Structures are given as structure tokens and as C-alpha cells.
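Naming convention: chains lettered A, B, ... in sequence-line order (proteins, then strands); numbering from 1 in each chain. Predicted model, so just to flag it, every value in this text is computed and none were measured.
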Protein chains: 2
Amino acid sequence: MNDRLGDDPELDEEARAPGARTIRDVARLAGVSIGTASKALNANGRLSAKTRAKVLKVAEELDYRPNNLAQSLHRARSMTVGILSNDNYGRFTFPIVAALERRLFDSGIAVFMCNATDDPARERRHIDQLLRKRVDGLIVTARRADRREPIEPAARGLPVVYVFARVDNPDALCLLPDDEGGARLAVEHLARLGRKRIAHITGPEHFEAVRLREKGFRAALASAGLAAPPGACRSGRWSEEWGREAVRDLFARPAAAPDALFCGNDQIARGALDALNEIGLSVPGDVAVVGFDNWEVMTSGARPPLTSVDMNLDALGTAAGDALLQMMAGSKLCGVSRLPCSLVVRASCGAIL
Amino acid sequence: MNDRLGDDPELDEEARAPGARTIRDVARLAGVSIGTASKALNANGRLSAKTRAKVLKVAEELDYRPNNLAQSLHRARSMTVGILSNDNYGRFTFPIVAALERRLFDSGIAVFMCNATDDPARERRHIDQLLRKRVDGLIVTARRADRREPIEPAARGLPVVYVFARVDNPDALCLLPDDEGGARLAVEHLARLGRKRIAHITGPEHFEAVRLREKGFRAALASAGLAAPPGACRSGRWSEEWGREAVRDLFARPAAAPDALFCGNDQIARGALDALNEIGLSVPGDVAVVGFDNWEVMTSGARPPLTSVDMNLDALGTAAGDALLQMMAGSKLCGVSRLPCSLVVRASCGAIL
DNA sequence: CTGAAAGCGCTAACAA
DNA sequence: TTGTTAGCGCTTTCAG
């Protein structure tokens with residue numbers, strides 16, 4: 001890197017200043033004062049069209065970019081926010097973060113990405129760093145919507161949005177998918193297609209999402225006038241293997257076998273499909289299957305392609321961005337808000353495509 | 001939000017200043033000058049232990065955090081870098097970014113995450129924003145390592161690292177997985193296990209990775225003294241469906257059928273496994289199968305669990321962080337650097353586990 | 001050992 | 001309409 005070339009004004013403009021141009025450079029070259037240059041660049045005070053044009057032209061030629069750091073120092077707004085994530089795989093976080101980042105970028109604010117892989121000490125250091133950087137807001141994301149501790153009180157006064165994450169503090173704003181509604185969507189669809197014996201194979205019960213999806217499952221059965229016989233709801237792991245196991249078990253006595261399966265995620269559904277296939281049952285002929293997550297790699301690889309509930313993670317991300325912007329503008333938002341899921345129909349549920 | 005409470009020094013310390021404390025607050029309460037407080041906080045000049053302790057105590061009590069914006073303005077280093085990504089799904093990007101972020105955070109620098117989903121105009125705006133924020137460096141990531149345009153010359157002088165992305169500019173530093181070596185690893189392993197007729201089912205030829213993996217495939221066959229009969233390498237799509245199709249085709253004439261498959265990614269391998277199963281061939285008994293990517297959801301769902309080549313994306317991310325830090329410290333790095341893959345052995349290749 | 005003051009790049013209030 | 005100036009919060013000489 002060049003040493004500072006000092007203040008020799010005779011130097012070729014292109015050659016000097018390896019770093020960025022300042023407003024002084026612009027002002028000097030345009031032959032106006034710094035204040036005037038500032039007004040021209042910010043389209044602020046009254047200014048003759050001629051001066052403004054001249055300043056803008058010089059700025060353009062110099063490829064001048066205002067130093068946001070200096071601007072922020074003055075305005076006491078950094079135009080940045082931090083995203084704190086705990087999902088070290090990123091399957092759920094990534095779509096949310098992508099949508100969020102897009103929404104915020106469109107409002108001129110930039111996003112610090114922080115992965116605090118479930119290490120509380122690391123998370124604290126991240127928060128500390130973000131506070132030093134004077135972020136205007138904070139987004140907190142977790143994996144799989146399990147409950148977590150609220151952010152350090154150090155962040156008091158700073159807008160915080162929890163998305164795909166849940167805290168108990170009633171003053172906090174939490175944005176989550178409507179798991180119960182999503183489940184209802186799936187089961188209502190199956191019922192509408194004439195399925196009568198619908199079973200539910202799902203993940204570990206300690207997930208709130210599992211309990212809510214089961215609730216939706218039962219609610220939809222009830223309102224369709226269908227029974228939920230004991231054993232119609234099996235909870236296990238989030239894996240294909242569990243889907244296969246559960247199917248072998250559920251279909252052990254053919255007489256009592258279901259004619260439809262609503263699965264807690266797409267991996268379980270995928271395993272279920274494979275197991276049904278092995279047993280010799282056809283999908284959707286004998287058994288209809290619906291999954292949850294609408295994870296493309298699972299739904300499209302499955303045979304037949306899998307109908308699944310989509311949590312609309314991008315909408316969730318956008319909503320989180322909107323909420324944070326509102327809070328940054330002064331609104332006090334709080335409470336738990338659940339955003340609707342939607343059902344993406346493919347061949348596995350036997351609908352007319 | 002409170003109005004400024006003005007400069008009434010009688011106010012209760014806790015009540016005033018809803019925002020962050022400044023070094024003035026610390027200095028005033030410690031009864032020293034600002035300069036002294038700064039020295040104490042930065043462990044800088046010579047200072048009596050007593051004063052230093054007093055200042056630190058006050059800072060602690062006030063929960064003082066230096067304003068990085070102001071620091072950066074002075075030091076002309078923002079301690080931030082930008083990550084520009086084009087992978088809108090995140091499967092490859094996420095592990096890289098996570099490792100990168102971790103590496104950089106450990107060096108005290110924060111990361112702006114920018115998703116420019118293949119929209120050049122958007123990407124330009126992102127770069128512009130990052131330059132205004134005076135980032136100290138830039139990381140560029142793409143999906144699937146396809147070649148891309150170098151970053152605008154506007155970034156001249158700014159350290160840039162391309163990771164999982166490839167540009168032609170010889171002055172640029174590109175970090176990539178060693179696709180060829182990874183393929184060789186897989187095929188050598190199969191050969192060592194005694195397989196003689198190894199076929200390769202892979203993705204679209206316009207991917208450089210596909211060409212490199214095929215090269216590795218052929219090289220390994222040659223050095224194992226095995227032939228690659230015509231038709232032993234099939235390129236198609238990156239999908240399970242293609243894996244099934246290719247298997248049906250390859251095994252149409254049982255006499256000429258392969259005894260091992262090296263697949264270009266795990267989805268293809270997964271499809272291949274399913275198709276082999278349907279044909280009635282056992283894995284790994286009749287046919288051994290190896291995939292590429294080591295994507296957990298694919299490898300562990302497969303039956304039997306899938307042996308696969310791991311691109312070590314986290315190592316790639318860490319290396320990118322290291323490289324960027326070096327460049328930020330003044331080193332000039334350039335060229336294409338390929339990092340080793342590794343083989344993760346599971347049951348599908350017939351190894352002793 | 002400590003205090004005062006200049007300045008990083010920019011904005012906004014006030015003068016001219 | 002334009003120029004001057006006082007900060008934003010911090011660091012760093014240079015005096016005391």
C-alpha cells in the first residue's frame with residue numbers, strides 16, 4: 001500500500017489517494033466549501049443549480065462515496081442490524097435470513113451475520129461486538145423454533161425481533177410459523193379427498209412444533225367428523241428411519257391400517273413412502289402421504305413427489321424485517337405472532353394435479 | 001424515546017442517557033480527563049495503577065462500550081468485511097460462511113452478509129453499500145463453483161477472496177475444493193476394494209466440477225490399471241431421478257453391468273441406490289456406490305448409508321478467512337488454490353466398518 | 001503521570 | 001446562495 005502522499009496539491013488526481021475520496025476532495029476540486037458540497041450531495045439546503053451540478057459532476061468523476069462511519073457518528077444511527085443465529089446447519093435459518101437481508105437492504109440497512117452455535121459465551125461476545133458497532137436493531141433466530149433465553153438486558157432499549165425462535169418474556173416480539181394451522185391445512189386436505197383413517201407420524205415431543213402440529217391434526221380430524229384412534233399419532237425422531245419404522249408398525253395389522261399419513265417433516269414422510277412401497281402398498285392409491293417443511297430436495301426426490309406444508313420462511317423473514325424497521329422507527333411491538341403456512345400439493349396425496 | 005436530557009450533571013446516573021455511554025461519561029465520573037480515560041481503557045501510555053483502576057471500575061459500572069464507529073473513523077479500519085453470496089439456497093454457502101464468520105470473529109472483525117441473488121444490479125448496489133461502510137475486505141461466494149465475473153474495479157485496492165467461486169482474472173485469489181482429487185479418492189477406494197467395472201454418473205457437463213471429477217475418475221481408473229469402457233461416464237442432471245434413469249440404462253445388459261458406481265453428487269447416488277434396489281441388485285454386495293458432497297440428509301437417509309466425498313466446506317471457509325486476514329495485513333495473494341476433499345466411508349461401498 | 005487539543009469525515013446551524 | 005464552524009466519540013501527539 002502507498003504511503004500517504006502528503007498534501008501536495010499538484011499531484012495527479014488519479015494517482016493520489018489510494019483510499020477513498022473525502023468530501024474535502026470533492027469540495028476542493030469543485031471550488032466550493034465543504035458545507036456547500038455537503039448540501040449538494042444531500043440535496044439539502046437551497047443551492048444554485050449550477051453549483052450543485054458542478055459538485056455532483058466532480059463527485060461522480062472522483063467516484064466519491066460518503067463514509068457511512070462518519071455519517072453514522074453524526075446521526076447516531078448506524079444503519080446496520082445484527083442477526084444472531086444458532087442454527088448451525090442453516091436449513092431453516094438461511095431462507096429467513098436471505099429474505100430479511102433483502103428487505104432490510106431495500107431500506108438501506110446492512111446486516112451483520114453472527115453464528116453463535118449454541119455457545120452462550122460466544123453469543124455474549126457477539127452481542128457485545130454488535131453493541132460496540134452501534135447496531136440499530138437485533139434479530140435473533142434459533143433452529144427448529146425451540147424456546148430460548150431472551151437476549152441479555154444489556155440490549156435494553158434496542159429493538160429486538162425473535163424469528164423462528166421463542167422466548168417467554170411477554171415484552172418480546174416473536175415471529176413463528178403457524179404450526180397448528182399448517183397441520184390443519186394438511187389434514188383437512190386429506191379429509192376432503194375422502195381419507196378416513198388418517199395417522200400422524202412426527203418428531204420428538206419436546207419440540208413445541210410437534211405438540212402444535214399434533215393439536216392441529218386432532219382439531220382437523222374432529223372438525224371433519226373423523227376419529228383419532230389410539231396409536232394414530234406416533235412421535236419419534238426427525239429421520240427417514242423413524243418414518244420407515246413407524247410405517248412398519250402402523251401397518252402391521254392390515255385391518256386397522258391407515259389410508260393416509262400426515263408426517264411431521266419431509267424426512268419422516270420420505271421414509272414412510274419407502275416403507276409403504278416395500279410393504280407393497282401404493283401411494284396415493286392405498287395410502288395418501290403429506291409431509292411438512294416442503295424441503296425441495298425431499299419433496300422432489302420422493303416417489304411420487306411429496307405433498308407438503310410450506311412454512312413460508314421467506315415471508316417470515318420479510319415480516320421480521322418489517323417489524324424491526326417499525327420498531328426502529330419507534331413502535332413498540334410485542335407478543336407472539338404466527339404466520340400462516342401453505343399446502344403445496346403434489347402427487348403423493350392423490351389430488352388431481 | 002426520551003428527549004435528550006440536556007447537560008444537567010445532577011441527574012441520577014442510571015436514569016439519564018438511554019443510549020450508550022461515552023468516554024466523556026467515564027472520564028467525568030472517574031474525575032480524570034478524556035485523554036487519561038482513553039489511555040486507561042486502551043492500556044496505552046504510562047499511567048498510575050490507581051487511576052487506571054478507577055477508570056476501569058467506572059467503565060465497568062457504566063457498562064461502557066467504546067463506539068466502534070468513532071474508533072474506525074480515526075483508525076481508518078472498520079474491522080468489518082462483506083460477504084457477497086449468490087447461492088440463494090445456501091446449501092454450500094452456509095457452511096462456508098459459518099466457518100468464515102467464526103474465523104473472522106475470532107480476529108475481532110464482523111461480517112456483513114449480502115445476498116445478491118444473481119442480479120448484477122443488486123450486486124453492484126451491495127458493493128456500493130459495503131464500500132460506503134468502508135469494509136476492510138470482501139469475500140465473494142457463488143453456488144456450485146461456476147465461473148463468474150470479477151468484482152467491479154471500484155473495489156480496486158480492497159482485498160477480495162473468491163471462495164467456492166471462480167474468476168478468470170489471474171490477480172484474483174480463488175479458493176475451491178479439489179474436485180479432481182476428491183473423485184480420485186473415491187475411485188481409488190473402490191478399486192482398492194476390488195471393484196473392476198466402475199461407472200460414473202454425474203451432473204451437467206457445463207459445470208467445471210463435473211469435468212474435473214470425471215478427470216479424477218479416469219485418472220484413478222488408469223492408475224489402478226482399470227479400463228473405462230465407452231459409456232462408463234454418464235452426465236445428466238443433479239437429481240435423484242437422473243440417478244435412477246442412468247442406473248436403469250447402465251444395467252440394461254447384465255453382462256456388461258458395472259460392479260461399482262461413483263456418483264457426481266449424493267442425490268444422484270441416492271437415486272441410483274433406489275434403482276439398484278428395484279432391479280434386485282444388492283448394495284454393496286453386487287454394486288458398491290459412492291456419492292459426492294457428503295450431505296448428511298442424503299447419506300444417512302440412504303439404505304445402506306452412503307459413502308461420500310466431503311468437500312470440507314468449513315475448512316474452505318476458514319482458509320478464506322485466513323487468506324483475507326493476510327491480505328488485510330498487506331500480503332498480495334492470488335491464483336487458484338484447491339483444498340483437499342476427504343472420503344467419508346459408510347456401508348454403501350462395502351468397506352469393513 | 002496527566003491534561004489539553006487537533007483531527008478522523010461528515011452534517012447542520014448559523015453567519016455572511 | 002454560499003462559507004464558517006461546532007460538534008458526533010474517540011485516539012494521539014504534545015505540553016504541563
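Each salt bridge (charged side-chain N to carboxylate O under 4.0 Å, His left out) pair with one or both residues in residues 97-114 of chain A, not counting sequence neighbours, appears once here: Arg103(A)-Asp322(A), Asp106(A)-Arg122(B), Asp106(A)-Arg125(B).
Remark: Asp128(A) pairs with Arg132(A), Arg65(B) by the salt bridge (charged side-chain N to carboxylate O under 4.0 Å, His left out) rule, at least two apart or across chains. The ring-ring contact (aromatic ring centres under 6.0 Å, His included) test applied to Phe105(B) returns His126(A), not counting sequence neighbours. Residues that satisfy the side chain to side chain donor-acceptor pair (under 3.5 Å) test with Thr141(A), not counting sequence neighbours, are absent from this structure. Residues satisfying the ring-ring contact (aromatic ring centres under 6.0 Å, His included) test with Tyr162(A), not counting sequence neighbours, are none. Under the ring-ring contact (aromatic ring centres under 6.0 Å, His included) criterion, Phe112(A) pairs with Phe112(B), sequence neighbours left out.
Nearest-nucleotide mapping onto DNA chain C: of Arg134(B) and Ser48(B), the residue sitting toward the 5' end is Ser48(B).
Atom pair Arg132(B):CZ and dG9(C):C1' shows a separation of 14 Å (rounding to whole Å applied). Between the NZ atom of Lys54(A) and the P atom of dT1(D) there is a distance of 15 Å, rounded to whole Å. Straight-line distance from the CG atom of Asn68(B) to the C1' atom of dC8(C): 15 Å, rounded to whole Å. Spacing between atom CG of Asp25(A) and atom P of dC8(C) amounts to 11 Å, rounded to whole angstrom units. Rounded to whole Å, the distance from CG on Leu73(A) to C1' on dC8(D) is 4 Å. Rounding to whole angstrom units, CZ of residue Arg24(B) and P of dA4(C) are separated by 12 Å. Rounded to an integer number of Å, the gap from Arg52(B) CZ to dT2(C) P is 10 Å. Taking atom CG of residue Leu69(B) and atom P of nucleotide dC8(D), one finds them 15 Å apart after rounding to whole Å.
Contact annotation: Ser72(A) does not reach the phosphate of dC8(D) (side-chain N/O to OP1 or OP2, under 4.0 Å). Of the side-chain N and O atoms in Ser33(A), one or more sit less than 4.0 angstrom from OP1 or OP2 of dG3(D).
Between the side chain of Ser331(B) and the main chain of Leu333(B), no donor-acceptor pair closer than 3.5 Å is present. Of the possible polar contacts, one joining the Ser72(B) side chain to the Arg77(B) backbone as a donor-acceptor pair under 3.5 Å is found.
For Val32(B), counting side-chain heavy atoms from C-beta on, the closest listed nucleotide (dG3(C), dG9(D), dT2(D)) is dG3(C).
Between the two ends of the helix from dC1(C)-dG16(D) to dA16(C)-dT1(D), each summarised by a five-pair axis, the helix axis turns through 60° (rounded to 10 degrees).
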### Query
What string of B, S and - do you get for nucleotides 11-16 of chain C 5' to 3' if you count protein non-hydrogen atoms under 4.0 Å?
BB----
Show me the side-chain donor-acceptor pairs of residues 30-38 of chain B shorter than 3.5 Å, one per line, residues at least two apart or across chains.
{"unit_1": "Ser33(B)", "atom_1": "OG", "unit_2": "Gly35(B)", "atom_2": "N", "d": "3.4"}
{"unit_1": "Ser33(B)", "atom_1": "OG", "unit_2": "Thr36(B)", "atom_2": "N", "d": "3.1"}
{"unit_1": "Ser33(B)", "atom_1": "OG", "unit_2": "Thr36(B)", "atom_2": "OG1", "d": "3.0"}
{"unit_1": "Ser38(B)", "atom_1": "OG", "unit_2": "Asn42(B)", "atom_2": "ND2", "d": "3.3"}

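Among the protein residues, Thr51(A) comes within range of the sugar-phosphate backbone only, with heavy atoms under 4.0 Å from sugar or phosphate atoms but none that close to a base.
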